[in-house]
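Worksheet for the structure shown next.
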Amino acid sequence: AAPGVLSRFRGALVGSVLGDCIGGEFEGAVDVPLDRVLQHLSALEDETRGDGILQYSDDTAMMRCVADSLLTRMAFDERDMARRFAKEFNLAPGRGYGAGVVQVLQKLAAPHLKDVFQPAQAQFGGRGSFGNGGAMRAAPFALAFKSRSDVFKYSRLGAMLTHSCSLGYNGAALQALAVHLSLQGALALPKEFINKLISEMEEMENDEKAQLDAQALNLSEFPYCSRLHRVKELLDRNSVSIEEVISELGNGIAALQSVPTAIFCVLHCLEPRDGLPERFGGLERTIAYSLALGGDTDTIACMAGAIAGAHYGIDSIPQSWQKSCEGVEEADDLARRLYDLYCLPQFEE
Ligand code: R7I
Ligand code: MG
Ligand code: MG
């Protein structure tokens, strides 16, 4: 039976934390043999290792700030969210933040900062960051807002607190949209799922700022749409190698090289795959496959984990995996509370 809505909410945030914690092992690795991935995953089943041994990184730390802010303010409040990012960074600066975003987080800590979007706009010579830091924390927007337009609007604004380049915030909106659709069961029809993403991104990228950024970075006119078309082509092939996925979609720290990749991982792993254990369910396959791509593995697995968790639900996630990762209980609690908020009629705008 298809999972219920609450199970999907919990699966989304827990799946995101698992991807971050489990994927951290291979972040930045160029070549990750599948054997090593499976070894890493089977070690999670070892009861003698102790609970919460795999620590979460900036991906989860910032996702928690987003969820906490939306829950406390019962709306998107940019000042509150910015303050939480800065406070969290100050408390635990060693969680593996991107090299550039650290400057933004330090500026956001200034008590009398007038415009909380300004520090992000000063990044990278004024163009802003195109990193995937906005996308990695975007899932809670899909759990907090019902309408697609609100999910879009607020996930973009939330990303703009650190990423003012359109590639950065549009990547966040794409990730939030993928979680939004997955929560509604849209992955039951994978072709329609990807077509919906493409048509929504066509509208989003048909925008002056998006076109200027794409031009300045020497990209095609509709960068996300063209990557999503490549996702579609790869899905249509009989067999796809890891090398092809990396060269067609990327596995890097830029949102453009990781959000469509994460979406591909989820779609590709809807079915059993050669080389992955038969006993694996879809969420386990998705995370294992994301790790095998190498590169920005914690973030790609975190984003793929959120989309897949929203599809398969919390009961698809092995207990041993949940016990191995720091912050799972907290993420589960945030998901339950976001579900309660989602069910409140007054939260509809
Ligand atoms: O995007 P961001 O928060 O980093 C997230 C990543 C995830 O993988 C996390 O797991 C963590 O490891 O970091 O942080 P940013 O510093 O804004 O962007 C990440 C990196 O992308 C930067 O440090 C740059 O190397 C690169 N980058 C750019 N390089 C040149 N020009 C981002 N934007 C630009 C740019 O405009
Ligand atoms: Mg990280
Ligand atoms: Mg990362």
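Everything quoted here is computed from the prediction, not taken from an experiment. Read the numbers this way: they start at 1 and go in the same order the structure lists the ligands and their atoms.
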ask   = With a 4.0 Å heavy-atom cut-off (strictly under), which part of F130 contacts ligand 1: side chain, backbone, both or neither?
value = both

query = Is there an N/O/S atom in T299 that lies less than 2.8 Å from the Mg ion (ligand 3)?
reply = yes

ask   = With a 4.0 Å cut-off, would you call R84 and D80 a salt bridge?
value = yes

note = closest protein heavy atom to atom 1 (O) of ligand 1 is H163 NE2, 2.6 Å

remark   = Answer key: the N, O or S atom of E27 nearest to the Mg ion (ligand 3) is OE2

query = Parallel, tilted or perpendicular for Y97 and F89, by the 30°/60° rule?
reply = perpendicular

key: Winner among L167, D59, D298, D296 once heavy atoms are compared against atom 8 (O) of ligand 1   = D296

T162-R137 side chain donor-acceptor pair, cut-off 3.5 Å = yes

inquiry  = Considering N132, T299, I300 one by one, which has a heavy atom nearer to atom 6 (C) of ligand 1 than any of the others?
reply    = N132

key: Atom of D298 closest to the Mg ion (ligand 3), considering N, O or S atoms   = OD1

L157 side, atom CG; F152 side, atom CZ - distance, nearest 0.5 Å = 13.0 Å

ask   = Can you tell me which residue and heavy atom of the protein come closest to atom 19 (C) of ligand 1, and the distance to 0.1 Å?
value = I253 CD1, 4.0 Å

inquiry  = Between D213 and K209 (salt bridge meaning N to carboxylate O under 4.0 Å), is one present in this structure?
reply    = yes

request  = Report the relative orientation of the aromatic rings in F26 and H40; use parallel for angles under 30°, tilted for 30 to 60°, perpendicular for over 60°.
outcome  = perpendicular

key: Heavy-atom proximity to atom 4 (O) of ligand 1, best of G28, A61, G98   = G98

ask   = Is G96 near ligand 1, meaning one of its heavy atoms is under 4.0 Å from it?
value = yes

key: Contact partition for D58 relative to ligand 1, non-hydrogen atoms under 4.0 Å   = side chain

request  = Restricting to N/O/S, name the atom of D296 that gets closest to the Mg ion (ligand 3).
outcome  = OD1

inquiry  = Please classify the V101 to ligand 1 contact at 4.0 Å (heavy-atom distances, strictly less than): side chain, backbone, both or neither.
reply    = both

inquiry  = Tell me whether D340 is salt-bridged to R336, with the criterion being a basic N under 4.0 Å from an acidic carboxylate O.
reply    = no

request  = Do me a favour and list the nearest non-hydrogen protein atom to atom 32 (C) of ligand 1 with residue, atom name and distance?
outcome  = S129 OG, 3.4 Å

task = Kindly identify the option in R127, E27, Q103, M62 whose heavy atom sits closest to atom 12 (O) of ligand 1.
result = E27

request  = Flag this pair as yes if the NZ/CZ of R95 is under 6.0 angstrom from the six-membered ring centre of Y56 and inside a 45 degree cone about the axis; otherwise no.
outcome  = yes

ask   = What do you reckon, does G168 put a non-hydrogen atom under 4.0 Å from ligand 1?
value = no

inquiry  = Among all the protein's non-hydrogen atoms, which is closest to atom 22 (C) of ligand 1, and how far away is it?
reply    = F124 CZ, 3.7 Å

key: Pair E45 + R279: basic N to acidic O under 4.0 Å   = yes

query = So, for Y339 and F9, is the gap between ring centers shorter than 6.0 Å?
reply = yes

